[in-house]
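The next block holds one structure in the form of structure tokens; read it before the comments.
For the numbers below, each heavy atom of this structure counts, side chains included, while hydrogens, waters and symmetry mates do not.
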Amino acid sequence: MVRLDRLVNVLGGYGVRLCGGPGTRSAQLRSVAMPGDADRRVSGDVFLAVGAASVTEAVRWAVSARATAVLVRAGAEAEREASAAGESQGVAVLLVDPEVSWSQLAGLVYGLVLEGRETESGRGPTDLFALADSLADVVGGAVTIEDRLSRVLAYSRSQQAGDPARLETILARQVPDSLRELFQVRGVFARVAAADEPVFVEPDPRHGLTGRMAVAVRAGRELLGSVWVTCGSPLTGARYRSLADGARTVALHLLRSRASADLERQVESDLVIRLLEGSADAATMVSRLGLPQTAMRVIAVRAHLAAELHAALLLAFEQATTGFGWSRPGRSTLLGDTLYTVLPGEGADAARAWVAGLRAALPSQVRLVAGIGAAADAAELPASRQEADECLALHEKGVPPATPPTYDESWDDILLQRLRAAARTGRTPARGPVSALRGHDAVHSTHYVATLRAWLEAQGDLTVAADRLGVHPNTVRNRLRRMNEVTPLDLDDARKRLAMIIMLAAADEPATARHGRP
């Protein structure tokens, strides 16, 4: 079923505003109604108040139809009336901008309520499971319906002719790696994808496989998934034809499910982009997304698969947006080559757990890197996005799957990264003590820059600096004297010392220099 929360979230992208209603947005919606003839009583969970003269009249019609929610076209001036009428009658009143046509709105609502039913995997019509049961009864074997990536979408209750391989597939919600490798070696996937009719897969007792009939699920020439039936020998006659016909019915269900999913993804993605780029009504965007008005973090993710340029990123986006809005903690979008997710919660552990869950849900060969911005309110999310991008850059320079960096813990590395970027673009002074010493080192093979760095890091302690350099303290003292002859250092001036520390950090020189020329 579809819940009120999802209806509100999706329609919010079309300017529909929830102004009043029941105390919870988890109310289930199963049917849609519109005004009928005067002598015919209509009923439905969602009522489209076409032709209502006022909000009050629309609510009265909805109450008569035993509706949970009513949609009525009215301007912003009707919000107070809508809130009062909805609260008094216990009906969710959704105000529709007068510029939105009823035909467009009806198409959206009917599509969401009648076709967007939830499955155990989080998306698609519940009757996909019923279809699997029906197919199992007709063909006389246990049925699983899978997507293009061999993930289980639905399966029959029947265990007739079931085997260990099917049980493991259902428990893991996808075909196990060992079985995938077997099918690839045998060319099973290629045969199924190329054939228009069901094909037989030979048994393999070593993998707990009694045998299968498999048929591709297509829309035109596009492969949507496949249907698998456990059987010891090839199906023939009526059972064979029923399986082929069943695959075409499955294709219709998957197309309707995908249309519903794509609509929700599009609305969600648009709202998240507006948040990340900065919006004057950021709090409203957060509300439309169904997120709490609490601290949030932006997570930036990139995914790579050696052989395919964008496949891994699209897989990550699909996984991040699988499940209805109310059943997922975050909201996501794709911008360029990066997946961004806005995740509620102030602590970094929840964000890292989300990344770990995403990584675990992707194929093992996918390389995933991520960065996590600092906690932010709705208006600060653009800043959290920049922080997430910079943490992502740090992670990409590391060795994934190391723990994704968070801005809270990595702000110093990010500051140095910004300084180095400024230095590469020539935005730091080209001349000064550090530049002069670096030039002297290049010409005379001295180690003055390393000595200056060690002395500054040791806060002027000759012994500590000498230990870092692996030389005698007198060597450090002599170098400092000679360095002052090359360029004035003014080491007694705290501001000069700070400036030199910044210049050294921006240059990212090696921290130590071993025995060298004094």
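For the atom pair CZ of Phe189 and CZ of Arg191, the computed distance is 12.0 Å after rounding to the nearest 0.5 Å.
Taking the six-membered ring where the residue is Trp, Tyr448 and His440 present parallel rings, their angle staying beneath 30° rather than reaching 60°. The aromatic rings of Phe183 and Trp228 sit parallel, their planes meeting at an angle under 30°, below the 60° perpendicular limit.
A donor-acceptor pair under 3.5 Å is formed between the side chain of His472 and the backbone N or O of Asn474. Although no hydrogens or angles enter the test, the distance criterion places no donor-acceptor pair under 3.5 Å between the side chain of Arg302 and the main chain of Ala393. Using modelled atom types, no side-chain atom of Thr475 and backbone atom of Val471 make a donor-acceptor pair closer than 3.5 Å. Between the side chain of Asp441 and the main chain of Val449, a donor-acceptor pair closer than 3.5 Å is present.
A salt bridge links Arg468 to Glu457: one of the charged nitrogens lies within less than 4.0 Å of a carboxylate oxygen. Between Arg206 and Asp204 a salt bridge is recorded (basic side-chain N to carboxylate O distance below 4.0 Å). The existence of a salt bridge linking Glu318 and Arg151 is confirmed by a sub-4.0 Å separation between a basic side-chain nitrogen and an acidic carboxylate oxygen.
Smallest separation of non-hydrogen atoms from Val369 and His395: CA-ND1, 3.5 Å. The two residues Val298 and Ser384 make their nearest non-hydrogen contact at N-OG, 3.2 Å. Smallest separation of non-hydrogen atoms from Leu489 and Met500: O-CE, 3.5 Å.
Shown here are the salt bridge (Lys or Arg N to Asp or Glu O under 4.0 Å) partners of Glu485, two or more places apart in sequence or in another chain: Arg481. For Arg477, there are no salt bridge (Lys or Arg N to Asp or Glu O under 4.0 Å) partners at least two apart in sequence or on another chain. For the side-chain hydrogen bond (donor to acceptor under 3.5 Å, both in side chains) test, residues two or more places apart in sequence or in another chain that qualify with Ser332 are Thr341. Taking the ring pair (Phe, Tyr, Trp, His ring centres under 6.0 Å) definition, one finds that Trp354 meets it with nothing, sequence neighbours left out.
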From CA spacing to verdict: side chain to side chain contact (heavy atoms under 4.5 Å, CB included), Val301, Leu313 = CA-CA 8 Å; Val301 173; Leu313 185 64; 5.8 Å; no
key: Derivation and outcome, side chain to side chain donor-acceptor pair (under 3.5 Å), residues Ser150 and Arg180   = CA-CA 8 Å; Ser150 299; Arg180 283 182 59 85; 2.8 Å; yes
inquiry  = Is there a side chain to side chain donor-acceptor pair (under 3.5 Å) between Arg479 and Thr451? Walk through the geometry before answering.
reply    = CA-CA 7 Å; Arg479 286 182 182 177; Thr451 302; 2.8 Å; yes
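Residue pairs that meet the salt bridge (Lys or Arg N to Asp or Glu O under 4.0 Å) test with at least one member in residues 384-395, sequence neighbours left out, are Arg385-Asp389, Glu390-Arg418. Applying the side chain to side chain donor-acceptor pair (under 3.5 Å) rule to pairs touching residues 407-416 yields Arg297-Asp408, Arg352-Glu409, sequence neighbours excluded.
Using a 4.5 Å heavy-atom cutoff, the side chains of Thr333 and Arg331 are not in contact.
When only modelled atom types and interatomic distance are considered, Thr144 and Arg166 share no side-chain donor-acceptor pair under 3.5 Å.
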